[in-house]
Novice: 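I have a structure I would like to understand better, so I am pasting it below and will then ask my questions one at a time.
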Protein chains: 2
Amino acid sequence: MLRLTKKADYGLMAVKLLAEHWLRQPDEANRALSAKDIADAYHIPPQLLAKILQTLARTGILVSHAGIYGGYSLARNPESITAFEIIRAIDGPLFITSCITVNGNCDLVGTCTIKEPLSKVNDSIREVLTKIRMIDMCEPPVGTAHGHEKTELVTLDTHSH
Amino acid sequence: MLRLTKKADYGLMAVKLLAEHWLRQPDEANRALSAKDIADAYHIPPQLLAKILQTLARTGILVSHAGIYGGYSLARNPESITAFEIIRAIDGPLFITSCITVNGNCDLVGTCTIKEPLSKVNDSIREVLTKIRMIDMCEPPVGTAHGHEKTELVTLDTHSH
DNA sequence: GCTCCTACGACCACTCTAGTCCTATAATCA
DNA sequence: TGATTATAGGACTAGAGTGGTCGTAGGAGC
Ligand code: SF4
Ligand code: SF4
């Protein structure tokens with residue numbers, strides 16, 4: 001539940017890489033990265049990523065450039081691109097429950113008593129995602145450093161018994 | 001994406017109704033509501049709701065009582081029950097991405113550069129859900145009242161037709 | 001013209017969701 | 001005791017959604 005799709009996940013990774021590339025390459029000429037480049041960098045399926053980037057280009061977050069030495073680059077500077085935009089562009093505008101954004105296929109909308117509280121939850125999550133700009137993901141060690149490096153929660157315990 | 005399952009949705013509605021029933025009925029005797037009662041109140045599939053309530057009882061949020069005049073009631077007072085518990089009990093502990101809580105079937109965990117930012121998003125959402133107690137959902141017109149009464153949505157219409 | 005790239009629709013395997021059905025069991029009352 | 005009412009839980013299914021592939025069309029530079 002409440003899980004992000006992998007497409008949105010891939011999209012965030014791609015835009016993050018493009019944002020870093022943008023910051024590294026001030027001249028516009030070399031700003032583009034092809035879908036295959038990004039896919040290779042993260043070992044994600046190239047054709048799938050291509051479609052994701054196409055979607056992002058269609059919504060105006062990226063600009064595409066066909067032909068040799070073509071590819072994708074950011075349409076705006078990475079300060080103005082939020083994680084919310086990217087997720088919304090890829091996964092659509094739908095949110096927590098069926099009834100909130102769309103008028104909903106849920107026929108309980110008359111008797112339901114929790115759609116207003118959940119609507120607030122929805123707003124909170126959207127706000128959290130909107131606050132995250134791509135430039136924030138590019139520079140991890142800025143402020144709010146409370147020691148405790150590494151944050152190694154995963155530990156990857158694949159103890160194959 | 002980021003959508004709550006309907007089971008969790010139903011679970012929240014049920015616990016909310018039980019919480020209101022708890023507040024109305026100070027004596028412990030009449031606190032129980034059967035699965036069918038709740039299902040009828042909201043027109044949701046009774047057998048599906050039954051399984052949800054069983055799950056909630058198994059995790060200790062509700063207590064069940066078999067037999068005639070049996071049913072479910074809250075295991076604790078509605079101040080200490082959060083929306084997060086209910087959602088987690090029904091939909092499991094999994095969250096935003098595959099890699100955060102579980103060790104993850106995602107094999108990009110080595111190259112991925114966004115799992116730490118997303119982990120913070122995950123924490124934010126969990127915090128939002130943890131802050132919502134059931135008693136908060138029961139009393140809408142407390143502060144932040146901007147007119148718009150009505151609040152009488154449940155009305156417990158067990159009118160046996 | 002060739003090659004590299006985007007654009008897009010069709011397609012598929014797989015998983016998850018929502019819901020049903022069935023049987024077993026526990027508690028209450030007559 | 002037995003009937004009734006309720007929970008407990010497993011098996012199962014149709015449908016939707018996800019993750020991913022393939023093939024083709026078309027634009028851009030050499
Ligand atoms: S109306 Fe209620 S039950 Fe239906 S989707 Fe909205 S919150 Fe969920
Ligand atoms: S490792 Fe990265 S790509 Fe994989 S699930 Fe986590 S955030 Fe997503």
Side-chain angles (χ1 to χ4, degrees), chain A residues 1-11 13-14 18 29-40 42-59 62-73 75 87 90-92 94 97-98 105-108, chain B residues 1-11 13-14 18 29-40 42-59 62-73 75 87 90-92 94 96-98 104-108 158 160:
Chain A
M1 63 79 155
L2 269 178
R3 199 177 305 150
L4 217 55
T5 63
K6 274 205 165 166
K7 290 186 187 180
D9 213 345
Y10 294 159
M13 292 166 70
L18 285 169
N30 284 7
R31 264 184 200 161
L33 287 176
S34 78
K36 191 174 182 307
D37 289 341
I38 304 173
D40 285 349
Y42 293 122
H43 309 107
I44 58 188
Q47 312 222 48
L48 180 57
L49 180 65
K51 297 185 84 166
I52 295 167
L53 295 176
Q54 284 163 26
T55 305
L56 292 174
R58 215 177 303 127
T59 55
L62 304 180
V63 287
S64 64
H65 194 63
I68 196 169
Y69 298 124
Y72 297 90
S73 56
I87 294 172
I90 296 172
D91 284 345
L94 29 145
T97 57
S98 329
N105 44 1
C106 180
D107 47 349
L108 308 175
Chain B
M1 63 81 156
L2 270 178
R3 199 177 307 153
L4 217 54
T5 63
K6 274 205 165 167
K7 290 186 187 180
D9 214 345
Y10 294 159
M13 292 166 69
L18 285 169
N30 283 8
R31 268 185 197 160
L33 287 177
S34 77
K36 190 172 182 310
D37 288 341
I38 303 173
D40 284 350
Y42 293 121
H43 309 105
I44 59 188
Q47 311 222 47
L48 180 58
L49 181 65
K51 297 185 86 165
I52 296 168
L53 296 175
Q54 285 164 26
T55 305
L56 291 174
R58 216 178 302 126
T59 57
L62 303 181
V63 287
S64 64
H65 195 62
I68 196 169
Y69 297 125
Y72 296 89
S73 55
I87 294 171
I90 295 171
D91 283 346
L94 30 143
I96 301 272
T97 57
S98 327
N105 46 359
C106 179
D107 48 349
L108 307 175
T158 54
S160 55

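Computed over heavy atoms, backbone and side chain alike; hydrogens, waters and symmetry mates excluded. Naming convention: chains lettered A, B, ... in sequence-line order (proteins, then strands); numbering from 1 in each chain.
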Novice: Between protein and nucleotides 16-20 of chain D, what N or O pairs are separated by less than 3.5 Å?
Specialist:
from, atom 1, to, atom 2, distance (Å)
D:dG19, OP1, A:Lys6, N, 2.9
D:dG19, OP2, A:Lys6, N, 3.3
D:dG20, OP2, A:Tyr10, OH, 3.3

Novice: Taking only distance into account, with no hydrogens and no angle test, what donor-acceptor pairs under 3.5 Å do side-chain atoms of residues 51-59 of chain B form with protein atoms, sequence neighbours excluded?
Specialist:
from, atom 1, to, atom 2, distance (Å)
B:Thr55, OG1, B:Lys51, O, 2.9
B:Thr59, OG1, B:Thr55, O, 3.3
B:Thr59, OG1, B:Leu56, O, 3.0

Novice: Looking at CG of A:Leu4 and CD1 of A:Ile90, how far apart are the two atoms once the value is rounded to the nearest 0.5 Å?
Specialist: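 Answer rounded to 0.5 Å: 8.5 Å.
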Novice: So A:Ala35, base contact, sugar-phosphate only, or nothing? Heavy-atom distance under 4.0 Å.
Specialist: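 Since only primed, P, OP1 and OP2 atoms lie under 4.0 Å of A:Ala35, the category is sugar-phosphate.
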Novice: A:Asp37: which residues meet the salt bridge (charged side-chain N to carboxylate O under 4.0 Å, His left out) condition with it, sequence neighbours left out?
Specialist: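 For A:Asp37 there are no salt bridge (charged side-chain N to carboxylate O under 4.0 Å, His left out) partners, ignoring immediate neighbours.
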Novice: Please give, in whole Å, the distance from D:dA8 P to B:Leu49 CG?
Specialist: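 The answer, rounded to whole Å, is 12 Å.
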Novice: What are the 5'-most and 3'-most nucleotides of DNA chain C lying under 4.0 Å from any heavy atom of chain A?
Specialist: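 The protein-touched segment is C:dC4 to C:dA10.
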Novice: Roughly how far, to the nearest 0.5 Å, is the CD1 atom of B:Ile87 from the CG atom of B:Asp9?
Specialist: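 The distance works out to 8.5 Å.
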Novice: Could you encode protein contacts along nucleotides 23-30 of chain D as a string, one character per nucleotide from 5' to 3', using B for base contact, S for sugar-phosphate-only contact and - for no contact, with a heavy-atom cut-off of under 4.0 Å?
Specialist: ----BBS-
Novice: How many angstroms lie between CD1 in A:Ile44 and CE in A:Met13, if you round to the nearest 0.5 Å?
Specialist: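 Result: 5.5 Å between the selected atoms.
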Novice: Between the two end axes of the helix from C:dG1-D:dC30 to C:dA30-D:dT1, each built from 5 base pairs, what angle do you get to the nearest 10°?
Specialist: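 The end-segment axes of the helix from C:dG1-D:dC30 to C:dA30-D:dT1 are tilted 10° relative to each other.
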Novice: What pairs with B:Pro46 under side chain to side chain contact (heavy atoms under 4.5 Å, CB included), at least two apart in sequence or on another chain?
Specialist: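 Partners of B:Pro46 by the side chain to side chain contact (heavy atoms under 4.5 Å, CB included) criterion, ordered by chain and then number, come out as B:Ala39.
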Novice: For a quick test of reading the model, state the closest non-hydrogen atom pair linking A:Leu18 to A:Ser73 and the distance between them.
Specialist: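 Where A:Leu18 meets A:Ser73 most closely, the heavy atoms are CD2-CA, 4.2 Å.
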Novice: Give the minimum heavy-atom separation between B:Ala35 and B:Leu49, together with the two atoms involved.
Specialist: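 Closest approach of B:Ala35 to B:Leu49, heavy atoms only: O-CD2, 3.5 Å.
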Novice: Going by the rule side chain to side chain donor-acceptor pair (under 3.5 Å), which residues pair with A:Thr5 if we only count those two or more places apart in sequence or in a different chain?
Specialist: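 A:Asp91.
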Novice: Hey, are the side chains of A:Leu108 and B:Tyr10 touching, using non-hydrogen atoms and a 4.5 Å cut-off?
Specialist: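 The answer is yes; the side chains approach within 4.5 Å.
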